Amino acid sequence: MNYKIVKIRSNHSVSKQRPILIIYTGGTIGMVQDATGSLVPFNFMKAMEHIPELSRIEVELTVISFPKPIDSSNVSIEVWQALGYIIHENYDQYDGFVILHGTDTMAYSASALSFMLEGLAKPIIFTGAQIPIGMLRSDARENLITSIEIAVNQRNGRPLVKEVCIYFNLGLYRGNRSQKMRSSTFAAFDSQNYPLLAESGIDISYNEAALAKPN
Ligand code: ASP
């Protein structure tokens, strides 16, 4: 698939800070209401203006946006290939990756990417939202900001998370062990056969025993 990639370096960049790549694929997180009140996909750089706090995060953010954001019910194998390719091409330049994706098939994409990207030594965090970023009670702000924080967290100069995960509603889940369970509450995801990898509260507390430890 021939994806035209729009690469935008955010003006929140501060040199010498840790570089994180955000890949925006679509989903509810980046939608806005049109004149009729229907939700339509939106330019994500514009949508990011709804989170002014991003300028206070101590990271250098780069955003790659799919030219035509998609509902995740339309995610195909070509989209997985495009995500794998973007991460492969940019792997060395970034400390971590955050993929913004619709919730409906997020668990499938996270699972596919976890098998495509073997031997990861960096975090790949999928997230999204149940309510679009510009709406009053949106969960996008917390999901995005904490995902970026998890993507940047290191210990002794090495990333704490070295696998494909989903971060949603205060929980970090292993990508290939997660499932969307609910569409009408913020707690959309669960992992029924693997413990939470981290929980976000006042601090982010990592479940060290459960995190992947690749050689
Ligand atoms: N239908 C949307 C999607 O999966 C729902 C969401 O983003 O939560 O793209």
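Both counts, for ligands and for their atoms, begin at 1 and track the order of listing. Computed from a prediction, not measured in an experiment: that's the story for all the values here.
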Identify, for [atom], the protein heavy atom at the shortest distance, and state residue, atom and that distance.
| atom | value |
| --- | --- |
| atom 9 (O) of ligand 1 | S72 N, 2.7 Å |
| atom 8 (O) of ligand 1 | T103 OG1, 2.4 Å |
| atom 2 (C) of ligand 1 | D71 OD2, 3.4 Å |

Supply the atom-to-atom distance [X] [atom1] to [Y] [atom2], rounded to the nearest 0.5 angstrom.
| X | Y | atom1 | atom2 | result |
| --- | --- | --- | --- | --- |
| L83 | F97 | CG | CZ | 11.5 Å |
| I125 | H101 | CD1 | NE2 | 14.5 Å |
| E60 | D95 | CD | CG | 10.0 Å |

Close-contact set for ligand 1 against T28 heavy atoms, below 4.0 Å: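 So the atoms of ligand 1 that pass are 2 (C), 5 (C), 6 (C), 7 (O), 8 (O).
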Using a strict 4.0 Å cut-off to heavy atoms of G27, name the atoms of ligand 1 that fall inside it.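 So the atoms of ligand 1 that pass are 7 (O), 9 (O).
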Has Q154 got more than 12 heavy atoms of other residues, nucleotides or ligands less than 6.0 Å from its CD?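 Yes - once you tally the heavy atoms of other residues, nucleotides and ligands closer than 6.0 Å, there are more than 12.
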Is it true that atom CD of E118 has more than 12 heavy atoms of other residues, nucleotides or ligands lying nearer than 6.0 Å?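 At most 12 heavy atoms, drawn from other residues, nucleotides or ligands, come within 6.0 Å of this atom.
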What I want to know is whether [X] and ligand 1 share at least one N or O pair that is separated by under 3.5 angstrom.
| X | answer |
| --- | --- |
| K180 | no |
| H101 | no |
| S73 | no |
| T105 | no |

Verdict with reasoning, E208 to K213, per salt bridge (charged side-chain N to carboxylate O under 4.0 Å, His left out): CA-CA 9 Å; E208 308 256 351; K213 295 168 197 70; over 6 Å; no
One residue to check: A129. Relative to ligand 1, which of side chain, backbone, both or neither has a non-hydrogen atom less than 4.0 Å away?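 Backbone only.
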In sequence, state the C-alpha distance, the side-chain angles, and the governing distance for R182 and D190, and then conclude on salt bridge (charged side-chain N to carboxylate O under 4.0 Å, His left out). CA-CA 9 Å; R182 298 164 211 97; D190 268 346; 2.7 Å; yes
Could you tell me if K122 sits above the aromatic ring of Y91, with its cationic atom closer than 6.0 Å to the ring centre and no more than 45 degrees from the axis?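 Yes.
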State if G26 counts as touching ligand 1 under the rule of any non-hydrogen atom under 4.0 Å.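 Per 4.0 Å heavy-atom rule, G26 does not contact ligand 1.
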